[in-house]
> 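Please read through the structure below; I'll follow up with questions.
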Amino acid sequence: MSTVTTHVLDTSRGRPAAGVPVALEDADGNGIGSGATDADGRINDLGPDDLPSGTYRLLFGTAAYLGDDTFYPEVTVTFRVTAGEHHHVPLLLSRYGYTTYRGS
């Protein structure tokens with residue numbers, strides 16, 4: 001399993017958000033991994049099995065799921081990785097809002 005995993009839940013529809021493109025980048029904007037959420041709204045193979053400690057970003061292409069008229073066409077979540085730990089970063093999404101947290 002990747003050091004960083006994610007899932008996206010559509011809170012307005014009460015179900016997982018399938019087909020959301022997600023990219024993992026380092027602090028300098030270098031691409032590390034990418035994918036799209038599956039039918040359960042998850043990506044478990046986003047990047048390598050181990051990442052060094054540091055700051056990373058997940059870029060969620062929310063317009064691909066919500067449509068071009070959504071208020072947030074992209075969501076960027078910046079977070080810190082501690083080497084040797086798994087980091088699950090969920091996104092709760094609706095057309096006019098989002099929230100995130102460190103999951104397990």
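Residues take their numbers from the sequence shown, with the count starting at 1.
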> Could you state the interatomic distance from CG (D10) to OG (S94), rounded to the nearest 0.5 Å?
7.5 Å
> Would you give the length of the straight line joining atom OG1 of T55 to atom CG of D28, rounded to the nearest 0.5 angstrom?
10.0 Å
> Does any pair with a residue in residues 76-85 pass side chain to side chain donor-acceptor pair (under 3.5 Å), and if so which ones, sequence neighbours excluded?
E85-R102
> Would you sort out whether L24 and L51 count as a side-chain contact (heavy atoms from CB on, under 4.5 Å), showing the intermediate values?
CA-CA 11 Å; L24 174 62; L51 285 172; 4.3 Å; yes
> Do you know which two heavy atoms are closest between G41 and P16, and how far apart they sit?
N-CB, 3.6 Å
> Which residues satisfy the salt bridge (Lys or Arg N to Asp or Glu O under 4.0 Å) test with D40, sequence neighbours excluded?
R42
> Of all residues at least two apart in sequence or in a different chain, which pass the side-chain hydrogen bond (donor to acceptor under 3.5 Å, both in side chains) check with T70?
none
> Indicate yes or no for a side-chain donor-acceptor contact from T6 to the backbone of V89 under 3.5 Å, with no hydrogens or angles considered.
yes
> Roughly how far, to the nearest 0.5 Å, is CD1 of I32 from OG of S2?
11.0 Å
> Is the CZ atom of F79 crowded by more than 12 outside heavy atoms at less than 6.0 Å?
yes
> Considering non-hydrogen atoms only, spot the tightest contact between A18 and A39 and give its length.
CB-CA, 3.9 Å
> Residues two or more places apart in sequence or in another chain: which of them pass side chain to side chain contact (heavy atoms under 4.5 Å, CB included) with D68?
A63
> Return each pair, listed once, that meets ring-ring contact (aromatic ring centres under 6.0 Å, His included) where at least one residue sits in residues 3-32; pairs must be two or more places apart or across chains.
H7-H88
> How far does OG1 of T62 sit from CG of L93, to the nearest 0.5 angstrom?
6.0 Å
> Calculate, to the nearest 0.5 Å, the distance between atoms CG and CD1 belonging to D38 and I43 respectively.
8.0 Å
> Find out if a path of hydrophobic residues (ILVMFWY) with successive side-chain heavy-atom gaps under 4.5 Å connects L59 to V20.
no
> Report the residues that fulfil ring pair (Phe, Tyr, Trp, His ring centres under 6.0 Å) with Y72, sequence neighbours left out, ordered by chain and then residue number.
Y98
> State, to 0.1 Å, how close A83 and S53 come at their nearest heavy-atom pair, and which atoms those are.
N-OG, 2.9 Å
> Is there any salt bridge (Lys or Arg N to Asp or Glu O under 4.0 Å) pair reaching into residues 47-58, and which pairs are they, with sequence neighbours excluded?
E25-R57
> Is the shortest side-chain heavy-atom distance between L58 and L46 below 4.5 Å?
yes
> The criterion is side chain to side chain contact (heavy atoms under 4.5 Å, CB included); which residues satisfy it with R15, sequence neighbours excluded?
R13, Y65
> Checking one residue: Y101. Which other hydrophobic residues are in its cluster under the side-chain 4.5 Å linking rule?
L9, L92
> State which residues pass side chain to side chain contact (heavy atoms under 4.5 Å, CB included) with P52; sequence neighbours excluded, sorted by chain then number.
Y56
> Give me each pair satisfying salt bridge (Lys or Arg N to Asp or Glu O under 4.0 Å) with a member in residues 87-100, each pair once, sequence neighbours excluded.
D69-R95
